[in-house]
*Asks:* 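Sharing a structure, written as structure tokens. Questions coming.
Each chain gets a letter, A, B and so on, in the order its sequence line appears, and its residues count up from 1.
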Amino acid sequence: MMKKDLLIKGGRVVDPANSVDDVLDVLVSEGKIKTVGKGLNERGKGNNEVEVLDASGKIVMPGFIDMHVHLREPGFEQKEDIESGTRAAAMGGFTAVAAMPNTEPPCDDEATVRYVLDAARARGWVRVYPVGAVTKGRQGKELAEMGEMLEAGALAFSDDGSPVSTAEVLRCALLYVKSFGAVLIDHPEDLTLSEGGQMNQGPVSTVAGFRGIPDEAETVAVARDLLMAGLTGGKLHLTHLSTKGSLELVRWFRGRGVEVTIDVTPHHLILTDEIVKSSGYDTNTKVNPPLRSEEDVKALVEALKDGTIDAIASDHAPHHLDDKWVEFDFAPFGISGLETEVALIVDRFVVPGIISWSRLAELFSVNPARILGVPGGRISPGEAADITIIDPELEFAVDPRKFESKGKNTPFGGWRLTGAPWATIVGGEIKMKNRVLINRGN
Amino acid sequence: MSLKGKDLLSLEELSTEDIELVLSTAQSLKEILARPIKKVPALRGKVVCTLFYEPSTRTRTSFELAAKYMSADTVSIATSTSAMQKGETLADTARNIEVMGTDVVIMRHSVSGACHFLAKVLDVPVINAGDGMHEHPTQGLLDIFTILEYKSRIKGLKVAILGDVLHSRVARSLTWGLRKLGAEVHIAGPATLIPPYAETLGVKVHSRPEGAIEGADVVYSLRLQLERQKSGLFPSKREYHDFFGLNRERLRLAKDDALVMHPGPMNRGIEISTDVADSPQSVILEQVTNGVAVRMAILYLILGGKE
């Protein structure tokens, strides 16, 4: 049976990879982009039926890719599974997510990579790119079989949840993945400095009575990582950077020819450590790296504007209510981010004109696709029709109870946002439209 | 007459007026402790529960006696946090206590903010009897009450707080209370035991005790938790005493009539020498007596004051 063609009509197409920003129609056929142009006919050339999606007033962009999420499967299905996590992704405007390997068992071999891909094929709502572990069992000792994982479909490697243990292991891993051209994603943290810490070290932690996690717990590790990237020439991506010092180091090393890409999260761009106390010690504000100071937030926003930051990723870390409804020290770190991510960035940075729509597309689509080496990032004929459509005027109230994700752990509950994902199209299939998931096929 | 909020969680959040209300109420209730029959009916029929996830002798006994002197019934639950982690959650334990008819829950817990969490879980009032490194508001109030008894004022006094301020909930509560009432607070201790960004607390930081003690009206010695040595925060008890302990010689730098205070339990010969602890300037036992009066006032204002 022929699939229906899809005509996305009258939207403002923002496609920076093709230097396009214009009101255009996009015709999708057989799951691929067929034509992009003005006044496209509603009748397909063949006998295919055409479904028309009226996108007037909306922003049509290449599919958004969240390069850092925790889908928790296998092993922690009470927190999230591949179905619920990808439903959340579709709701949040993402056509693909990169799934971190800190599962149980960890995704550190070919079999687990295949399991994740099979589960995603059977139950996934968006594309899932497995990230394999750098070391066996994420133990930080022996390298995992990264070549085999790549062949099985892994896209990148990380020991996320933890940093790559030592400079030497990182050095070897960066060299080793060079043979395969894969990217290594590190969560930079010096565990000796962060041990026992519950929140950012600063005036708030002193008043709140918490052992703090100093900026330097991250910055020291960023310096180590950048030095190893320089030493090896390996492809390094630093995830969820949160401090001014980290950004300064990234710029300094880039100025000396070290190639590195970085992402930041919406919560680090928007919230400060003040909220830990002002929320009455709400464990939904407990996240690693911790919410930082005003000065750090300003530096992150500056880096968002000036291009230092390559991508925005959620570090979507769903937890069960039972895990979070406890004393602060006993709660796990993490924020359920997929369903608020795009709306937060649009509301806070695009609508007020701090960044452009085109920059938004770079941060969420063009750069993640390039860093991970996956298709997408552009709306070009012949490419898979992965498209994210945003309604810049949609009023969106964050209600965690309505999250598709099993993780309702967000500090943004009750926030009212303007501008939100309006449709998510994966391989030509509409997965979400007008804030409602649409179950069809797969 | 009652406090503005439902709970008593911190002195940072308690208004100056409420602090003064507690102090004046305690002053009028203190005479009950001197009576041959120490019992008034103010809280008859009320049930006070102490829920202690950390060991305590002084604070728990003080709260229980305060409740009993006011004719309330008391129940006490003592457990270790580790035992709790294995089984029932704090929220479940507390809700169970609440539905049995408890009118107020007084909790001590090793985690900062645990009382704020409990206050969200429960409808009945929560009194913080010490949470992690955060606050110990009733201790702060009884300390201020004691200073007031001897000095008749707080405004303009110089108070030196010595020792492990970093881990001290006592120091935080005392500092907030003293500052709200206009005292000048100086802290001193090894830099490893001084909180980062200590100036946020509105204190002047000294790296050695002498500068803090100089000309002080009150010298407050904090308990040194000996396990901090293992974490590498100070090298030995002896060295700590030599450089940071409160001894006779250092006390001479304070005003002649300076008060010596300590929240207990004391490590004699470590943070405070015995001759200082037992000197005429020491009001350490008076703090303990006043603790009962202040807690009577707090229970009265939280439970009985509305009627």
*Asks:* Among B:Asp131, B:Leu90, B:Thr89, B:Leu118, which residue satisfies the side chain to side chain contact (heavy atoms under 4.5 Å, CB included) criterion with A:Glu327?
*Replies:* B:Leu90
*Asks:* Give a yes or no on whether B:Glu17 atom CD has more than 12 heavy-atom contacts from other residues, nucleotides or ligands under 6.0 Å away.
*Replies:*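 Buried by this count: over 12 neighbours within 6.0 Å.
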*Asks:* Give, for atom NE2 of B:His134 and atom CZ of A:Phe328, the distance between the pair rounded to the nearest 0.5 Å.
*Replies:*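 That separation rounds to 12.0 Å.
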*Asks:* List the atom pairs, with distances to 0.1 Å, where a side-chain N or O of residues 204-212 of chain A and a protein N or O form a donor-acceptor pair under 3.5 Å, not counting sequence neighbours.
*Replies:*
from: A:Ser205; atom 1: OG; to: A:Asn200; atom 2: O; distance (Å): 3.3
from: A:Ser205; atom 1: OG; to: A:Gly202; atom 2: N; distance (Å): 3.0
from: A:Ser205; atom 1: OG; to: A:Gly202; atom 2: O; distance (Å): 2.9
from: A:Thr206; atom 1: OG1; to: B:Pro196; atom 2: O; distance (Å): 2.4
from: A:Arg211; atom 1: NE; to: A:Glu195; atom 2: O; distance (Å): 3.2

*Asks:* Only heavy atoms, only distances under 4.5 angstrom. Which residues in residues 278-293 of chain A are near chain B?
*Replies:*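 Listed by number: A:Ser279, A:Gly280, A:Tyr281, A:Asp282.
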*Asks:* Would you find more than 12 non-hydrogen atoms of other residues, nucleotides or ligands less than 6.0 Å from B:Glu98 atom CD?
*Replies:* yes
*Asks:* Would one find more than 12 heavy atoms of other residues, nucleotides or ligands at under 6.0 Å from atom NZ of A:Lys402?
*Replies:* no
*Asks:* Apply side chain to side chain contact (heavy atoms under 4.5 Å, CB included) to A:Val297 and list each qualifying residue two or more places apart in sequence or on a separate chain.
*Replies:*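 A:Thr272, A:Val301.
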*Asks:* Does A:Lys277 come within less than 4.0 Å of B:Glu13, counting only side-chain N to carboxylate O?
*Replies:*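 Salt bridge absent between A:Lys277 and B:Glu13.
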*Asks:* Going by side-chain hydrogen bond (donor to acceptor under 3.5 Å, both in side chains), name the residues that satisfy it together with B:Ser173, two or more places apart in sequence or in a different chain.
*Replies:* B:Glu135
*Asks:* Hey, can you tell me if A:Phe330 and B:His109 have their rings parallel, tilted or perpendicular (30° and 60° cut-offs)?
*Replies:* tilted
*Asks:* Can you name the closest pair of heavy atoms from A:Trp325 and B:Phe117 and give their distance?
*Replies:*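 Taking A:Trp325 first and B:Phe117 second, the nearest heavy atoms are O-CZ, 3.4 Å.
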